[in-house]
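Below: one structure, written as structure tokens.
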Amino acid sequence: MRFFIRLLRALAAALLVPILLFEEWGWEPLAALVRRLARLPLWARLENRLRELPPWGALLAFLLPVLLLLPVKVLALFLFGRGHAASGVTVLVAAKLIGTAFVARIFQLVEPALMRIPLFARWYPRWKAWKDHVLTLVRESRPWRVVRALNRRLARGWRRLRGG
């Protein structure tokens, strides 16, 4: 039984790693992009309202973009089913970028309220610790280091090529 549980955990980690890597890469920059909308008076008022939400309202606000993007993801599956793979991928990538941007910003605004929900306050630090551990293992892996080194060499070569 322990072997089966370990196998399931390893499989879950392997399936989640690409998502975790994307969100780790995109969380801050995409949230910063949405934060720029706060320059608009209406958007600034909306952000202030989000900050003032009670815990369960904050949870609903945090989950709302996920629920709103569900039909878009179903549309992408429909496009795949109709043989429009490029359109399906485009829709999925756009939905992921937009969803991550808004979820990240909303989370920044409502995190204090979410932490007042006992279940969230208990599990979020565990989730974060697990996620950080998995990402550390990925970053320490040989394939990751090889790809990073190759990426740095390509970037240096590109800079030299552009510079003269």
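The two residues A101 and V34 have their closest heavy-atom pair at CB-CG2, 3.5 Å. Of all heavy-atom pairs between A95 and V72, the closest is CB-CG1, 3.9 Å. Between A113 and P55, the shortest heavy-atom distance links the atoms O-CB, 3.4 Å. Between L50 and A61, the shortest heavy-atom distance links the atoms CD2-CB, 3.6 Å.
Cluster annotation: L69 is not connected to L59 through the hydrophobic network of ILVMFWY side chains, with a link wherever side-chain heavy atoms come within less than 4.5 Å. No single ILVMFWY cluster, assembled from side-chain heavy atoms under 4.5 Å apart, contains both L60 and V66. No single ILVMFWY cluster, assembled from side-chain heavy atoms under 4.5 Å apart, contains both L37 and L64. Under the 4.5 Å side-chain heavy-atom criterion for grouping Ile, Leu, Val, Met, Phe, Trp and Tyr, L109 is not connected to L42 through any hydrophobic cluster. The hydrophobic cluster containing V74 does not contain F80, counting ILVMFWY residues as joined when their side-chain heavy atoms lie under 4.5 angstrom apart, directly or transitively.
Between the side chains of R51 and N48, at least one donor N or O sits under 3.5 Å from an acceptor N or O.
By the 6.0 Å contact criterion, CZ on R145 is enclosed, its count of non-hydrogen atoms from other residues, nucleotides or ligands being greater than 12.
Looking at heavy atoms from C-beta onward, V103 lies out of side-chain contact with I106 at the 4.5 angstrom threshold. Between R39 and R36 there is a side-chain heavy-atom pair separated by less than 4.5 Å. In this structure the side chain of F102 never reaches within 4.5 angstrom of the side chain of L30, judged on heavy atoms. V89 places none of its side-chain heavy atoms less than 4.5 Å from the side chain of L92.
Residue pairs meeting the side-chain hydrogen bond (donor to acceptor under 3.5 Å, both in side chains) criterion with at least one partner in residues 72-101, sequence neighbours excluded, are E23-K96.
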Throw together a table of side-chain donor-acceptor distances under 3.5 angstrom for residues 123-140, partners on residues two or more places apart or in other chains.
| from | atom 1 | to | atom 2 | distance (Å) |
| --- | --- | --- | --- | --- |
| K131 | NZ | E24 | OE1 | 3.4 |
| T136 | OG1 | D132 | O | 2.8 |

| field | Worked check of salt bridge (charged side-chain N to carboxylate O under 4.0 Å, His left out) between E47 and R105 | value | CA-CA 9 Å; E47 285 197 359; R105 181 62 184 149; 2.7 Å; yes

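The CG atom of L7 lies 12.0 Å from the CZ atom of R9; values are rounded to the nearest 0.5 Å. In this structure, CG in L63 is found 11.0 Å from CG in L68, a value given to the nearest 0.5 Å. In this structure, the separation between CH2 on W56 and CD1 on I117 is 4.5 Å, given to the nearest 0.5 Å.
Ring geometry for F107 versus F120: interplanar angle of 30 to 60°, hence tilted.
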